[in-house]
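Keep in mind that the numbers below use all heavy atoms, side chains included, and drop hydrogens, waters and symmetry copies.
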Amino acid sequence: MRNVDDYRPVVEALSPILHGLPGKIVAIDGLPGVGKTEMGRYLAYRFNVSLIESDLFLIERQGRLVYRNDEIARIIAKRVDAYSPRPVIIESAVVLRLLAELERSPDFTIYITNKDAPASRGSLLADLKAYEAEFSPRQRADLTIALDHFG
């Protein structure tokens, strides 16, 4: 596991946003293999909130990243729109597109880079380039963090 000090800037940035645990959506973005899920799990534990790991909802062999949006939408609604709302964290390599498809906007976006992440190829690379061109996730992020090694 990564040293929790690596996540200190993220915790410091999110603490005022999640104070009182309002119904907010925190999005974690970045290329495959940069550490989105690991960070999401740590933040979910640290703030005692739900994490949606997008890979668990991935529909395989689509030629692009496609998710079971109805299930993700249901989870978000149960957390954010509930009588007693709570924050939810969602991570995906195309999280802004996924949220746009759900007609949702993140309240805070984290973009992760990692020089040690594996390179994407083929149709996944083409999908990620199209996503980058349309959504500019790194430029739109509220916080960018570089994780330069694996735990």
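Atom CG of residue Leu98 and atom OG of residue Ser92 lie 5.5 Å apart, to the nearest 0.5 angstrom. Distance check, rounded to the nearest 0.5 Å: CD of Glu53 to CZ of Arg41 gives 4.0 Å. To the nearest 0.5 angstrom, Leu18 atom CG is 7.0 Å from Ile89 atom CD1. Once rounded to the nearest 0.5 Å, the distance linking OG1 of Thr113 with CG of Leu147 reads 7.0 Å. Rounded to the nearest 0.5 angstrom, Ile76 CD1 and Ile90 CD1 are separated by 4.5 Å. Expressed to the nearest 0.5 Å, how far CG of Asp29 lies from CG of Leu96 amounts to 5.0 Å.
Heavy-atom minimum distance, Leu51 versus Thr37: CD2-O, 4.3 Å. Considering all non-hydrogen atoms of both residues, Ala117 and Gly33 come closest at CB-O, 3.7 Å.
For Ala126, there are no side chain to side chain contact (heavy atoms under 4.5 Å, CB included) partners at least two apart in sequence or on another chain. In this structure, the salt bridge (charged side-chain N to carboxylate O under 4.0 Å, His left out) partners of Asp127, at least two apart in sequence or on a different chain, are Arg64, Arg97. Applying the ring-ring contact (aromatic ring centres under 6.0 Å, His included) test to Tyr131 and every residue at least two apart in sequence or in another chain returns Phe135. With sequence neighbours excluded, no residue satisfies ring-ring contact (aromatic ring centres under 6.0 Å, His included) with Phe108. Here Glu132 pairs with nothing under the salt bridge (charged side-chain N to carboxylate O under 4.0 Å, His left out) rule; sequence neighbours left out.
Every pair passing side-chain hydrogen bond (donor to acceptor under 3.5 Å, both in side chains) that includes a residue from residues 72-82 is listed here, sequence neighbours excluded: Ser50-Arg79, Asp81-Arg104.
Put simply, the side chain of Gln62 gets close to the backbone of Glu60: a donor and an acceptor are under 3.5 Å apart.
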Please test Ile110 against Leu43 for side chain to side chain contact (heavy atoms under 4.5 Å, CB included), starting from the C-alpha separation and ending with a verdict.
CA-CA 12 Å; Ile110 303 158; Leu43 294 174; 4.0 Å; yes

Asp107 and Asp142: side chain to side chain contact (heavy atoms under 4.5 Å, CB included), yes or no, with the steps?
CA-CA 9 Å; Asp107 295 289; Asp142 297 293; over 6 Å; no

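Remark: of the listed residues Asn114, Ile28, Leu31, Ile28 is the sole one forming a side-chain contact (heavy atoms from CB on, under 4.5 Å) with Lys36.
Under the 4.5 Å side-chain heavy-atom criterion for ILVMFWY residues, no single connected hydrophobic cluster contains both Leu65 and Ile59.
For Glu103, the CD atom counts as loosely surrounded, since its 6.0 Å shell holds 12 or fewer non-hydrogen atoms of other residues, nucleotides or ligands.
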